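Worth saying up front: this structure is predicted, and the values here are computed from it rather than measured.
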Amino acid sequence: MRILVVGAGAIGGYFGGRLLQAGRDVTFLVRPRRAGELASAGLVIKSPNGDVTLKNPPTVQADALKDKFDVVLLSCKAFDLDDAIKSFAAAVGPNTAIIPMLNGMKHLDILDQTFGAERVLGGLCAIAATLNEQREVVQLQPMQAISYGERDGKLSDRVKAIDGAFKSGITGAAASQNIMQDMWEKWVFLSSLAASTSLMRTSVGNILAAPGGRDFLLGMLDETSAIASASGYPPGGPFFERVKGNLTTEGSPMTASMFRDIKAGLPVEADHVIGDLIARADAAKVPVPKLRIAYTHLKAYEKQRLG
């Protein structure tokens, strides 16, 4: 099975690196600068689950990409999706399976329109990782998971084959027969956390310590959950209790990566993570006043950032 990993940043570098470490046929699609870094220093992973340096990992640049691949693992940010699609389009053949690990749902529509829905699986990952100043992949916590599956819930032969390959190298890899529910539940949690910590510019614990903080956090969760329910994917059970616990843990230092990106002056996925939720709320006539304020805040940040 030939696997093309689009990018070798924190997420693609980690999961692709673990697959390469396990002997899988992995190639990284990278820009010239990253290709040079990987050629000279190798792909370096620092992790509570074990460090590894992979010397001279296979790489290709977009202008030299001609071969078709069985799997394309896509982990870019939403605002880079159009450029990413152009870069890997030549690798997509009649039997290629694309596994996107972006947050939200809007990217599925874009990928479906470009490559056909039959080539696009559902997918998500849960990992805290970053690139440090030495351009090494640093996993910040032991937690790691990656899920993938047919969006109609069938356990197809191609998903079984992907599952076998991924499980050989990635602890926490799992095929899912409920991948759309999984993706919606992650979106509910992520958007609640991102909207809240970005708007308040602080951690969950500090929000909880402020007057009205608990009601604010739970109100944001109520709004995102209502949108998921109206879309046919009501969150509940152990997941919902776990998320509720994460958002009501006193003293919690938890923040969203979106908030950390704001602090660093970086681009944010305002439209993909929050704006698209509001559009779905409007279509379903679900009131979301807190989400609207958070979205206005994020768009004002984007305007300020671009000058």
I'd like to know whether [atom1] of [X] has more than 12 heavy-atom contacts from other residues, nucleotides or ligands below 6.0 angstrom.
{"X": "Gln134", "atom1": "CD", "value": "yes"}
{"X": "Arg214", "atom1": "CZ", "value": "no"}
{"X": "Lys167", "atom1": "NZ", "value": "yes"}
{"X": "Arg260", "atom1": "CZ", "value": "yes"}
{"X": "Lys299", "atom1": "NZ", "value": "yes"}

(message) Which label fits His107 and His272: parallel for a plane angle under 30°, tilted from 30 to 60°, or perpendicular past 60°?
(response) tilted
With a 4.5 Å limit on heavy-atom distance, are the side chains of [X] and [Y] in contact?
{"X": "Asp25", "Y": "Leu20", "result": "no"}
{"X": "Leu65", "Y": "Leu29", "result": "yes"}
{"X": "Val26", "Y": "Pro58", "result": "no"}
{"X": "Thr197", "Y": "Val204", "result": "yes"}
{"X": "Lys77", "Y": "Asp261", "result": "yes"}
{"X": "Tyr233", "Y": "Glu185", "result": "no"}
{"X": "Ile127", "Y": "Ile11", "result": "yes"}
{"X": "Met183", "Y": "Ser147", "result": "no"}

Hey, could you give me the [atom1]/[atom2] distance between [X] and [Y], rounded to the nearest 0.5 Å?
{"X": "Ile99", "Y": "Leu121", "atom1": "CD1", "atom2": "CG", "result": "5.5 Å"}
{"X": "Asn178", "Y": "Met180", "atom1": "CG", "atom2": "CE", "result": "11.5 Å"}
{"X": "Leu298", "Y": "Leu199", "atom1": "CG", "atom2": "CG", "result": "8.0 Å"}
{"X": "Asn49", "Y": "Gln141", "atom1": "CG", "atom2": "CD", "result": "11.0 Å"}
{"X": "Glu269", "Y": "Ser191", "atom1": "CD", "atom2": "OG", "result": "12.0 Å"}
{"X": "Met200", "Y": "Leu208", "atom1": "CE", "atom2": "CG", "result": "11.0 Å"}

(request) Begin from the C-alpha positions of Asp271 and Lys106 and carry the test salt bridge (Lys or Arg N to Asp or Glu O under 4.0 Å) through to its verdict. (result) CA-CA 9 Å; Asp271 291 322; Lys106 196 172 184 179; over 6 Å; no
How far apart are the closest heavy atoms of [X] and [Y], and which atoms are they?
{"X": "Arg151", "Y": "Val120", "value": "NH1-O, 3.1 Å"}
{"X": "Ser192", "Y": "Ser196", "value": "O-OG, 2.8 Å"}
{"X": "Ala8", "Y": "Leu38", "value": "CB-CD1, 4.0 Å"}
{"X": "Arg2", "Y": "Lys68", "value": "NH1-O, 3.6 Å"}
{"X": "Val6", "Y": "Ser87", "value": "CG1-OG, 4.4 Å"}
{"X": "Ala175", "Y": "Val159", "value": "CB-CG1, 3.7 Å"}

(message) ring pair (Phe, Tyr, Trp, His ring centres under 6.0 Å) for Tyr148 and Phe166? Distances and angles first, verdict last.
(response) CA-CA 10 Å; Tyr148 33 82; Phe166 279 31; 5.2 Å; yes
(request) Tell me, with the steps shown, if Asn246 and Met254 meet side chain to side chain contact (heavy atoms under 4.5 Å, CB included). (result) CA-CA 8 Å; Asn246 288 335; Met254 182 180 287; 4.2 Å; yes
Polar side-chain atom of [X] near backbone of [Y] as donor-acceptor pair, under 3.5 Å:
{"X": "Gln113", "Y": "Ala117", "value": "no"}
{"X": "Gln181", "Y": "Pro234", "value": "yes"}
{"X": "Asp70", "Y": "Thr96", "value": "no"}
{"X": "Arg119", "Y": "Phe115", "value": "yes"}
{"X": "Lys186", "Y": "Cys125", "value": "yes"}
{"X": "Ser198", "Y": "Ala195", "value": "no"}
{"X": "Gln144", "Y": "Thr171", "value": "yes"}
{"X": "Asn206", "Y": "Thr202", "value": "no"}
{"X": "Glu136", "Y": "Ile45", "value": "no"}
{"X": "Lys55", "Y": "Leu43", "value": "no"}

[Y] reachable from [X] in the ILVMFWY side-chain graph, under 4.5 Å edges:
{"X": "Ile3", "Y": "Val52", "value": "yes"}
{"X": "Val44", "Y": "Val138", "value": "no"}
{"X": "Ile170", "Y": "Val72", "value": "no"}
{"X": "Leu291", "Y": "Ile262", "value": "yes"}
{"X": "Met220", "Y": "Val268", "value": "yes"}

(request) Could you walk me through whether Ile278 and Ile274 pass the side chain to side chain contact (heavy atoms under 4.5 Å, CB included) test, one step at a time? (result) CA-CA 6 Å; Ile278 292 173; Ile274 307 298; 4.2 Å; yes
(request) Kindly indicate, with the supporting measurements, whether the criterion salt bridge (Lys or Arg N to Asp or Glu O under 4.0 Å) is fulfilled by Arg292 and Asp282. (result) CA-CA 11 Å; Arg292 290 186 190 282; Asp282 288 344; 2.3 Å; yes
(request) For the pair Val288 and Leu277, evaluate side chain to side chain contact (heavy atoms under 4.5 Å, CB included) and give the outcome as yes or no after the intermediate values. (result) CA-CA 9 Å; Val288 287; Leu277 267 181; over 6 Å; no
(request) Check Asn103, Val273, Thr224 against Trp187 for a side chain to side chain contact (heavy atoms under 4.5 Å, CB included) and give me the one that passes. (result) Val273
(request) Assess whether salt bridge (Lys or Arg N to Asp or Glu O under 4.0 Å) is satisfied between Glu37 and Arg34, documenting all intermediate values. (result) CA-CA 5 Å; Glu37 293 169 352; Arg34 189 59 171 151; 2.9 Å; yes
(request) Ignoring hydrogens and angles, state whether a donor on the side chain of Asp182 or Ser176 is under 3.5 Å from an acceptor on the partner side chain. (result) yes
(message) Taking the six-membered ring for Trp, are Phe189 and Phe240 closer than 6.0 Å centroid to centroid?
(response) no
(request) Given side chain to side chain contact (heavy atoms under 4.5 Å, CB included), test Phe15 with Arg18 step by step and report yes or no. (result) CA-CA 5 Å; Phe15 288 118; Arg18 291 305 190 193; 5.8 Å; no
